[in-house]
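In what follows, a structure is listed as structure tokens, so that the remarks can point back to it.
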Amino acid sequence: DVLINTISLHSEDDDSDISLCVMTDISKQVHAQDTVFRQANYDVVTELPNRFFFNTRFRSLLDSALRVESPVTVVFIDLDRFKWVNDTFGHSIGDALLAEAGHRIKQAVDMKSLVCRFGGDEFIVVLHKSREELIKSKSAENILRTLADPFRLQQHEIHLSASIGISSFPSDGEHPDELIGAADTAMYHAKNRGGDAYEFFEGDMHERIEKQLQLDHVLRTGIQEDRFSLVFQPIVDLTNRSSELFEVLLRFSHPEFPNVSPAEFIPLAETTGLIRPIGQFVIRNALLHLHALDNQGDARYSLTINLSPRQLQDETFVGFLHEQISYFKISPERIILEITENSLMENNIRNEKILEQIREVGCQIAIDDFGTGFSSLSYLRRFAVDILKIDQSFIQRVPDDEADSNLIRGIINMARELGIVVIAEGVEKKAQYDFLVENGCDLAQGYFFSKPVRAEQVYGVLINT
Ligand code: C2E
Ligand code: MG
Ligand code: MG
């Protein structure tokens, strides 16, 4: 880049022209200006427009959309578990992952879209599309899919997902803040569904969040107010139809939330950190009940207890478990800890360590909801899993669905090779029971045998087969 200053001199006397040119090399200044502009408007990590630049662009984009009455949708993307990436692999890998994620998002949407890094692990895409056009173009699915591909950074292969919320102009708001707020709210709902999902903003979402806040409030006082209790569902031995193993399931009862399921309040307690005292309540009371049963008769019962992903992250968990088991004088192999397949995959370095510690305490490990995640049997071998629980969604479809029936046969056979015990979950019908017996499944649970019962009923539980 050069700056050219020219002076022309015209002489009246001899009619001659003289020009004087001075050329100055200004590439450094231009470069500096460019740098200042980029630094002010672009994010260094992802090289995408930053929040500041985005706000200005978005506002003018909405102004012109309003004038020509064209549709706009706002796609708010938040990476799931990004904090875990930073904590586990360090910030430079975290930054590289963000850069790659930003690049993939840009590739997944059409070129005219405005893509920005909104902050932390949040990205926003503004599309010149209506909600219907967005659905048709599968933009949200494409973003989810591209982010679900493993990230290969240095020697690591990192699996990630994202939660997406979508709002539309002008139906969900006419101002940038309203639209971003609505998309953010919808994103929060997608995250609450467990992530790797997208949601469109709905008018009642704010109320649903309000309801969640209320639930959080009553959960907080739930332990002192004695609102939590445990029920026990028999797990039946299919070879002799006896039942000496029970799954411990948590219940919460409150006048405002009479039948709220743990599938609803446990994920909430996870996001608020309340899972720690609740998880401790479950372990302490499960062992207390087992201890009481031991005192009534012979010590033949064992329990499986559900653990949530957050409990696996909790440094104090194994110590607490050990202390309670010693306190109640229960031999540890009678306690089986259930971990869902998905939570096992989420953080496998830390999980490997925790599972090893649980094993040192002497407890057994079961994989819950097997088949719903992405692990494989060979992968499970690495974690030295004792028990595998096939998710009820597969059991529901046997024996009619041939593919699921084959899958279950395969799981049973391979598990046997690996010395892993198989439990079928959610058995409701005689035909399912017959199928499982015929194919050599070890154990099963479900309404067909018995619903979960109160501790007092454990002795008298009648197994229907
Ligand atoms: P899960 O561990 O897979 O538990 C099985 C769920 O299926 C239980 O629901 C049980 O009541 C239900 N169920 C049992 N048999 C049948 C059947 O034949 N048909 C059908 N449709 N359902 C059946 P519940 O008690 O509502 O628990 C839901 C989930 O909440 C559990 O799924 C577990 O992931 C979680 N959960 C429950 N208690 C605890 C707990 O103490 N701690 C943690 N972290 N999670 C818990
Ligand atoms: Mg379970
Ligand atoms: Mg399950």
Side-chain angles (χ1 to χ4, degrees), residues 194 219 222-223 227-236 243 245-253 257-289 302-314 317 320-321 324 335-344 346 364-373 385-398 411 422-433 436 443-455 461 463-465:
L219 285 174
I223 294 185
R227 299 199 183 278
F228 287 100
S229 61
L230 300 180
V231 288
F232 300 80
Q233 187 176 35
I235 297 175
V236 180
S243 164
L245 176 61
F246 288 80
E247 175 167 12
V248 179
L249 294 161
L250 185 59
R251 293 291 175 262
F252 178 76
S253 108
F257 297 91
N259 290 315
V260 60
S261 147
E264 191 177 334
F265 68 75
I266 295 273
L268 176 64
E270 285 239 301
T271 61
T272 62
L274 211 57
I275 191 66
R276 186 162 165 180
I278 293 177
Q280 292 187 343
F281 169 92
V282 173
I283 294 206
R284 189 180 305 116
N285 284 275
L287 296 183
L288 179 70
H289 284 304
S302 299
L303 297 179
T304 76
I305 301 176
N306 292 287
L307 286 191
S308 66
R310 265 284 191 100
Q311 281 171 286
L312 289 177
Q313 310 296 312
D314 180 357
F317 172 73
F320 178 81
L321 175 72
Q324 295 293 315
I335 302 300
I336 297 152
L337 297 168
E338 289 191 12
I339 296 152
T340 65
E341 185 186 12
N342 283 322
S343 68
L344 184 74
E346 218 166 81
Q364 300 189 64
I365 289 155
I367 299 303
D368 202 358
D369 303 344
F370 185 76
T372 56
V385 165
D386 303 284
I387 297 172
L388 218 141
K389 301 186 73 175
I390 304 177
D391 190 64
Q392 51 188 28
S393 57
F394 295 97
I395 307 299
Q396 262 167 26
R397 297 189 288 253
V398 296
I411 295 175
V422 177
I423 301 178
E425 296 190 277
V427 178
E428 292 181 356
K429 300 192 185 98
K430 176 89 165 69
Q432 295 163 341
Y433 166 78
L436 293 165
L443 298 150
Q445 77 187 100
Y447 299 160
F448 175 66
F449 307 107
S450 163
K451 291 212 161 176
V453 298
R454 302 261 150 215
V461 74
I463 305 300
N464 164 33
T465 57

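Both ligands and their constituent atoms are indexed starting at 1 by order of listing.
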Report the C-alpha separation of L307 and F317 in whole Å, then their side-chain angles, then the decisive distance to 0.1 Å, and conclude whether the side-chain contact (heavy atoms from CB on, under 4.5 Å) test is met. CA-CA 10 Å; L307 286 191; F317 172 73; 3.5 Å; yes

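- For the pair E247 and ligand 1, the shortest N or O to N or O distance falls below 3.5 Å.
- With I235 as the fixed residue, the side chain to side chain contact (heavy atoms under 4.5 Å, CB included) test singles out one of L443, I336, L303, I387: L443.
- Contact annotation for atom 6 (C) of ligand 1: protein absent (non-hydrogen atoms, distance under 4.0 Å).
- When all heavy atoms of G279 and Q311 are compared, the pair lying nearest together is CA-NE2, 3.2 Å.
- Taking every heavy atom of both residues into account, F265 and R251 meet most closely at CZ-C, 4.4 Å.
- A pairwise comparison of heavy atoms in F228 and I278 identifies CZ-CD1, 3.7 Å as the closest pair.
- Put simply, atom 9 (O) of ligand 1 has no protein non-hydrogen atoms near it, under 4.0 Å away.
- Of all protein heavy atoms, the one lying nearest to atom 45 (N) of ligand 1 is N306 CB, 3.6 Å.
- Atoms of ligand 1 lying under 4.0 Å from any heavy atom of L307, numbered from 1 in the order shown and given with element: 44 (N).
- Between I395 and E425, the shortest heavy-atom distance links the atoms CG1-O, 3.0 Å.
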From CA spacing to verdict: side-chain contact (heavy atoms from CB on, under 4.5 Å), I390, I423: CA-CA 6 Å; I390 304 177; I423 301 178; over 6 Å; no

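- In this structure, the side chains of R454 and V231 come closer than 4.5 Å at one or more pairs of heavy atoms.
- Considering only non-hydrogen atoms, atom 21 (N) of ligand 1 lies nearest to E428 out of E428, E425, E338.
- In this structure, the protein non-hydrogen atom closest to atom 31 (C) of ligand 1 is L249 CD2, 4.4 Å.
- What sits closest to atom 1 (P) of ligand 1 on the protein, heavy atoms only, is D368 OD2, 3.7 Å.
- Of all atoms in ligand 1, numbered sequentially from 1 with element shown, those under 4.0 Å from a heavy atom of V282 are 41 (O).
- Nearest heavy atom pair, residue D386 against residue I365, reads OD2-N, 2.7 Å.
- Close approach to Q233 involves these atoms of ligand 1, each under 4.0 Å from a residue heavy atom: 14 (C), 15 (N).
- In this structure, F449 has its ring center closer than 6.0 angstrom to the ring center of Y433.
- Counting heavy atoms from C-beta on, the side chains of I335 and L287 come closer than 4.5 Å.
- Atom CD1 of residue I305 and atom CG of residue L321 lie 7.5 Å apart, to the nearest 0.5 angstrom.
- Considering backbone and side-chain N/O of P452, none are found under 3.5 Å from N/O of ligand 1.
- The Mg ion (ligand 3) has D368 OD1, D369 OD1, E425 OE1, E425 OE2 as its protein N, O or S neighbours under 2.8 Å.
- Ligand 1 has no nitrogen or oxygen under 3.5 angstrom from a nitrogen or oxygen of Q445.
- The protein heavy-atom contact nearest to atom 12 (C) of ligand 1 is Y447 OH, 4.0 Å.
- Shortest non-hydrogen contact noted between K389 and E247 is NZ-OE1, 2.8 Å.
- Heavy-atom contacts of S308 reach the following atoms of ligand 1: 44 (N) (cutoff under 4.0 Å).
- For atom 18 (O) of ligand 1, the protein comes within 4.0 Å by at least one heavy atom.
- Assignment of R251 to the shell around ligand 1 is supported, since a heavy atom sits closer than 4.0 Å.
- Atom CZ of residue R310 and atom CD1 of residue I266 lie 13.0 Å apart, to the nearest 0.5 angstrom.
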Could you go through the side-chain contact (heavy atoms from CB on, under 4.5 Å) check for K430 and F448 one step at a time? CA-CA 7 Å; K430 176 89 165 69; F448 175 66; 4.1 Å; yes

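- Both the backbone and the side chain of L250 come within 4.0 Å of ligand 1, counting heavy atoms alone.
- In terms of protein heavy atoms, atom 24 (P) of ligand 1 is closest to P262 CG, 3.7 Å.
- The proximity of D369 to ligand 1, defined as any non-hydrogen pair under 4.0 Å, is limited to the side chain.
- Using a 30° and 60° split on the angle between ring planes, H289 and F232 fall in the perpendicular class, above 60°.
- Within ligand 1, the atoms closer than 4.0 Å to a non-hydrogen atom of S261 are 26 (O), numbered from 1 in the order shown.
- No other N/O/S atom of E247 lies as close to the Mg ion (ligand 2) as OE2 does.
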